[in-house]
Student: 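Quick one: the structure is below, and I'll ask about it shortly.
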Amino acid sequence: MDVTQVSATLEGPNYRVLLDDGHHTWLGDEPASLGGGDRGPTPFALLLSSLGTCTAITVRMYAERKGWPLERIEVKLAFSTSADGSTIDREVAVFGALDDTQRERLLQIANACPVHKVLSKPIEIRTTAADVTA
């Protein structure tokens with residue numbers, strides 16, 4: 001079983017969160033209109049960026065394995081919520097000298113990205129309290 005770990009630390013002003021995966025660090029925040037410092041993407045923008053990154057990489061890997069002339073991929077995502085639940089709209093544009101069959105297959109492959117699969121199934125989130133006694 002693969003385990004990916006990220007730590008999220010909030011201290012100091014506003015809602016700026018330092019994220020760290022052991023190799024990279026980045027910020028998450030809220031816009032000023034919600035009391036944040038607007039120093040990084042919102043939590044939902046970070047969620048969408050995970051899906052967009054995974055989609056683009058998965059499509060590129062498939063095209064490379066097939067030797068198809070894929071030059072560029074653009075993935076646009078939007079997140080919305082309603083009383084019935086949440087919706088992610090994803091638009092995938094593939095560029096290059098691809099025929100219609102190849103383009104259609106690449107759109108199908110977008111649904112095979114691992115993050116898409118995780119978000120499409122029920123997710124269990126287990127929360128435990130950390131021992132912070134000094």
Student: Roughly how far apart are Cys113 SG and Met61 CE, rounded to 0.5 Å?
Tutor: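 One finds 11.5 Å between SG of Cys113 and CE of Met61.
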Student: With no hydrogens and no angle check, is any side-chain donor or acceptor of Ser49 less than 3.5 Å from a backbone partner on Leu46?
Tutor: yes
Student: Indicate yes or no for a side-chain donor-acceptor contact from Asn14 to the backbone of Gly35 under 3.5 Å, with no hydrogens or angles considered.
Tutor: yes
Student: Side chains of Ser82 and Asp84 only: does a donor on one sit below 3.5 Å from an acceptor on the other?
Tutor: no
Student: What are the two closest non-hydrogen atoms of Arg103 and Gly96, and how far apart are they?
Tutor: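 That closest heavy-atom pairing would be NH2-O, 3.0 Å.
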Student: When rounded to the nearest 0.5 angstrom, what is the spacing between CZ in Arg65 and CZ in Arg60?
Tutor: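 Going from the CZ atom of Arg65 to the CZ atom of Arg60 covers 13.0 Å.
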Student: For the CG atom of Asn111 and the NZ atom of Lys117, what is their distance to the nearest 0.5 Å?
Tutor: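 The distance works out to 10.0 Å.
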Student: Among Ile, Leu, Val, Met, Phe, Trp and Tyr joined by side-chain contacts under 4.5 Å, find the other residues sharing a cluster with Val118 and list them by chain and number.
Tutor: Phe44, Leu47, Leu48, Leu51, Val59, Tyr62, Trp68, Leu70, Ile73, Val75, Leu77, Phe79, Ile88, Val92, Val94, Leu98, Leu106, Leu107, Ile109, Val115, Leu119, Ile123, Ile125
Student: Counting neighbours of CG on Asp100 that are heavy atoms of other residues, nucleotides or ligands and sit closer than 6.0 Å, is the number greater than 12?
Tutor: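 Counting other residues, nucleotides and ligands, CG of Asp100 stays at 12 neighbours or fewer.
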Student: Can Glu64 and Lys66 be said to form a salt bridge (Lys or Arg N to Asp or Glu O under 4.0 Å), step by step?
Tutor: CA-CA 5 Å; Glu64 285 177 352; Lys66 293 291 189 175; over 6 Å; no
Student: Under a 3.5 Å distance rule, please check whether Asp29 uses its side chain to pair with a backbone N or O of Pro31 as donor and acceptor.
Tutor: no
Student: Do other residues, nucleotides or ligands put more than 12 heavy atoms under 6.0 Å from Arg39 CZ?
Tutor: no
Student: Apply the hydrophobic cluster definition, ILVMFWY joined by side-chain contacts under 4.5 Å directly or through others, and give me every member besides Leu18.
Tutor: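 Leu27, all in the cluster of Leu18.
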Student: Could you report the tightest heavy-atom contact between Pro69 and Ala97, atom names first, then the distance?
Tutor: CG-O, 3.1 Å
Student: Quiz question: by atom type and distance under 3.5 Å, do the side chains of Gln102 and Arg105 form a donor-acceptor pair?
Tutor: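 No, no side-chain donor-acceptor contact under 3.5 Å.
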Student: Could you list the residues that satisfy salt bridge (charged side-chain N to carboxylate O under 4.0 Å, His left out) with Glu104, not counting sequence neighbours?
Tutor: none
Student: When rounded to the nearest 0.5 angstrom, what is the spacing between CZ in Arg16 and CD in Glu11?
Tutor: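 Answer for the CZ-CD pair, Arg16 versus Glu11, is 9.0 Å.
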Student: Roughly how far, to the nearest 0.5 Å, is the NZ atom of Lys121 from the NE2 atom of His116?
Tutor: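 Reported to 0.5 Å precision, the distance equals 10.0 Å.
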